[in-house]
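In what follows, a single structure is set out as structure tokens and then discussed.
The chain is numbered in sequence order, starting from 1. Both counts, for ligands and for their atoms, begin at 1 and track the order of listing.
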Amino acid sequence: MSAAPFTRIAVIGLGLLGGSVALAARARMAGVIVTGYDADAAVRARAAQIGLADTIAATPAQAVADADLVVFCVPVGAMAAAAAAVAPYLPAGCVVSDVGSSKASVLKALGDALPHATIVPAHPVAGTEQSGPDAGFATLFAGRWCILTPPDGADATAVARVAAFWEGLGARVEMMDAAHHDLVLAVTSHLPHLIAYTIVGTASDLEEVTQSEVIKYSAGGFRDFTRIAASDPTMWRDVFLHNRDAVLTMLQVFTEDLTELQKAIRKGDGAALFDHFTRTRAIRRSIIAMGQDDARPDFGRDHGAVATPSTPD
Ligand SMILES: NC(=O)C1=CN([C@@H]2O[C@H](COP(=O)(O)OP(=O)(O)OC[C@H]3O[C@@H](n4cnc5c(N)ncnc54)[C@H](O)[C@@H]3O)[C@@H](O)[C@H]2O)C=CC1
Ligand SMILES: O=C(O)C(=O)Cc1ccc(O)cc1
């Protein structure tokens with residue numbers, strides 16, 4: 001346990017990310033009290049049952065009443081509504097953050113709804129294809145990158161406290177401009193998800209290959225895509241709509257590269273294919289050498305709950 005940069009944390013949205021933030025903060029930071037809130041009453045009830053937070057609040061007002069940090073863990077398209085719901089109740093001096101997968105649109109949404117708040121956006125690059133309150137686990141962020149995208153002129157003390165918060169949850173922190181973040185994540189995360197959604201849809205729509213053949217022979221690469229394509233539809237719809245420009249830019253580059261490979265296959269250009277595959281294999285090997293290999297989806301999924309929560313009336 002480490003000393004906590006914040007002591008009263010409100011987590012808004014109690015799915016995979018919110019649940020994991022709440023569990024990790026309670027497990028790793030001494031003296032922290034975590035209050036959780038979710039717009040869905042069934043999620044609040046389940047979160048209380050499995051002990052995600054010290055208290056599950058019944059309203060946004062109760063959730064943030066005495067918070068020194070509020071972390072929005074809702075889909076990026078819901079950030080504006082979630083922030084508007086707490087706006088009248090946000091304590092003075094409270095720092096606001098989030099975990100959204102795209103950053104420029106989220107910064108704008110939070111800034112518009114909370115014009116007087118100190119906002120330090122964050123994106124823990126850690127997750128799984130699971131969603132909902134049962135999906136969270138306390139070790140999700142251990143050893144993973146968390147990218148902070150503070151706006152120009154952000155309060156340096158608040159940025160340092162949010163960085164310390166994520167380090168306290170076990171993450172490694174990097175600073176980035178929001179627009180650059182959105183471009184980098186478009187190619188490393190958003191496009192791979194789009195490709196997975198596409199290929200799984202393509203395979204299941206084929207007339208000449210049966211569903212049972214797709215399932216039976218999925219070990220040949222397809223299976224890895226099906227895990228990613230099982231990711232939450234609401235979350236990913238929002239990512240593509242809210243990081244539209246960066247995704248379209250990267251999709252254009254990808255399409256051109258795909259056409260090059262298509263041409264090499266059509267022309268029987270084995271050397272071009274071999275060179276390309278050799279280059280991509282080296283990238284995979286350097287990721288593993290850096291200790292970034294992600295065999296984690298089935299790793300460490302204990303809830304790590306530390307106390308029985310109460311639900312206020
Ligand atoms: N799933 C992943 O692997 C990762 C997700 N993220 C980001 O984290 C955020 C949350 O994603 P997950 O936890 O995976 O989603 P989730 O679907 O597991 O949880 C989201 C929760 O937000 C609640 N919610 C929606 N609108 C709300 C509102 N207005 N007020 C309060 N609660 C509201 C929902 O009821 C749901 O329980 C998203 O912005 C996503 O882009 C970031 C890193 C990884
Ligand atoms: O499960 C996977 O493979 C992921 O890619 C998880 C993930 C999803 C969204 C993010 O913004 C960050 C990480």
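Among all protein heavy atoms, the one lying closest to atom 26 (N) of ligand 1 is Ala78 CB, 3.5 Å. With hydrogens left out, the protein atom closest to atom 18 (O) of ligand 1 is Gly132 N, 2.8 Å, a heavy atom. Of the protein's non-hydrogen atoms, the one nearest atom 17 (O) of ligand 1 is Ser131 CB, 3.8 Å. Here the protein heavy atom with the shortest distance to atom 4 (C) of ligand 1 is Leu17 CD2, 3.3 Å. In terms of protein heavy-atom proximity, atom 40 (C) of ligand 1 is closest to Ser101 OG, 3.5 Å. For atom 36 (C) of ligand 1, the nearest non-hydrogen atom of the protein is Asp38 OD2, 3.4 Å. In this structure, atom 19 (O) of ligand 1 lies nearest to the protein heavy atom Gly15 CA, 3.3 Å. In this structure, atom 11 (O) of ligand 1 lies nearest to the protein heavy atom Met235 SD, 4.2 Å.
Counting heavy atoms under 4.0 Å from ligand 1, residue Asp238 does not touch it at all. When heavy-atom distances to ligand 2 are checked against a 4.0 Å cut-off, Met235 comes that close only through its side chain, counted from C-beta outward. No part of Ala135 comes within 4.0 Å of ligand 1, judged by heavy-atom distances. Residue contacts with ligand 2, taken as heavy atom pairs separated by less than 4.0 Å, involve Trp236 solely via side-chain atoms from C-beta onward.
Remark: Ile56 CD1 to Arg46 CZ distance equals 12.0 Å, nearest 0.5 Å.
Taking every non-hydrogen atom of Gly100 and a distance limit under 4.0 Å, the qualifying atoms of ligand 1 come out as 39 (O). Listed by number with element, the atoms of ligand 1 under 4.0 Å from a non-hydrogen atom of Pro124 are 43 (C). Less than 4.0 angstrom separates some heavy atom of Gly127 from each of these atoms of ligand 2: 1 (O), 6 (C), 13 (C). Ligand 1 places these atoms under 4.0 Å from at least one heavy atom of Cys73: 10 (C), 20 (C), 22 (O). When each atom of ligand 2 is checked for a heavy atom of Ser101 under 4.0 Å away, the hits are 9 (C), 10 (C), 11 (O). Listed by number with element, the atoms of ligand 2 under 4.0 angstrom from any heavy atom of Thr128 are 1 (O), 6 (C). Those atoms of ligand 1 with a heavy atom of Val76 less than 4.0 angstrom away are 39 (O). Ligand 1 places these atoms under 4.0 Å from at least one heavy atom of Val99: 6 (N), 7 (C), 8 (O), 9 (C), 42 (C). The distance from ligand 1 to the heavy atoms of Gly13 drops below 4.0 Å at these ligand atoms: 22 (O), 32 (N). When each atom of ligand 2 is checked for a heavy atom of Glu129 under 4.0 Å away, the hits are 1 (O).
Each of Met235 and Leu17 belongs to its own hydrophobic cluster when Ile, Leu, Val, Met, Phe, Trp and Tyr are linked at side-chain heavy-atom distances under 4.5 angstrom. Linking ILVMFWY side-chain heavy atoms closer than 4.5 Å, directly or via other members, places Leu16 and Leu169 in a single hydrophobic cluster. Under a hydrophobic clustering in which Ile, Leu, Val, Met, Phe, Trp and Tyr are joined whenever their side-chain heavy atoms come within less than 4.5 Å, directly or via other members, Val162 and Val125 fall into different clusters.
The closest side-chain heavy-atom distance from Leu52 to Ile50 is below 4.5 Å. The shortest side-chain heavy-atom distance between His123 and Leu185 falls under the 4.5 Å cut-off. Counting only heavy atoms from C-beta outward, the side chains of Ile9 and Val32 approach each other to under 4.5 Å.
Taking any N or O of Tyr37, backbone or side chain, none lies under 3.5 Å from an N or O belonging to ligand 1.
The shortest heavy-atom contact between Ile12 and Ala63 is CD1-CB, 4.0 Å.
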Could you walk me through whether Lys108 and Asp112 pass the salt bridge (Lys or Arg N to Asp or Glu O under 4.0 Å) check?
CA-CA 6 Å; Lys108 176 152 180 17; Asp112 287 351; 2.6 Å; yes

Run the salt bridge (Lys or Arg N to Asp or Glu O under 4.0 Å) check on Asp98 and Lys103 step by step: do they pass?
CA-CA 9 Å; Asp98 75 290; Lys103 299 282 32 125; 2.6 Å; yes

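The main-chain N or O of Leu148 is never found under 3.5 Å from a side-chain atom of Glu174 such that the two would form a donor-acceptor pair. Counting only distance, with no hydrogens or angles, the side chain of Gln62 and the backbone of Ala58 share a donor-acceptor pair below 3.5 Å.
Of the listed residues (Val74, Asp40, Leu14), the one carrying the non-hydrogen atom nearest atom 33 (C) of ligand 1 is Val74. Of the candidates His193, Arg144, Arg227, His123, the one placing a heavy atom closest to atom 1 (O) of ligand 2 is Arg227. Counting only non-hydrogen atoms, the option in Ser189, Ala81, Ala39 that gets closest to atom 28 (C) of ligand 1 is Ala39.
Aromatic ring orientation, His193 versus Trp236: parallel (interplanar angle below 30°, classes split at 30° and 60°).
Defined by atom type and a distance below 3.5 Å, a donor-acceptor pair is present between the side-chain atoms of Glu213 and Thr210. Side chains of Ser102 and Asn243: a donor-acceptor N/O pair is absent below 3.5 angstrom, by distance only.
Contact annotation for atom 8 (O) of ligand 1: protein present (non-hydrogen atoms, distance under 4.0 Å).
Using 4.0 Å as the threshold, Pro75 has a heavy atom nearer than that to some atom of ligand 1. Within the structure, the closest approach of Ala126 to ligand 1 falls below 4.0 Å when heavy atoms are considered.
A salt bridge is absent between Arg44 and Asp40: the closest approach of a Lys/Arg side-chain nitrogen to an acidic carboxylate oxygen does not fall below 4.0 angstrom.
In summary, of the residues considered (Val86, Ile119, Val106), a side chain to side chain contact (heavy atoms under 4.5 Å, CB included) with Phe72 occurs for Val86 alone.
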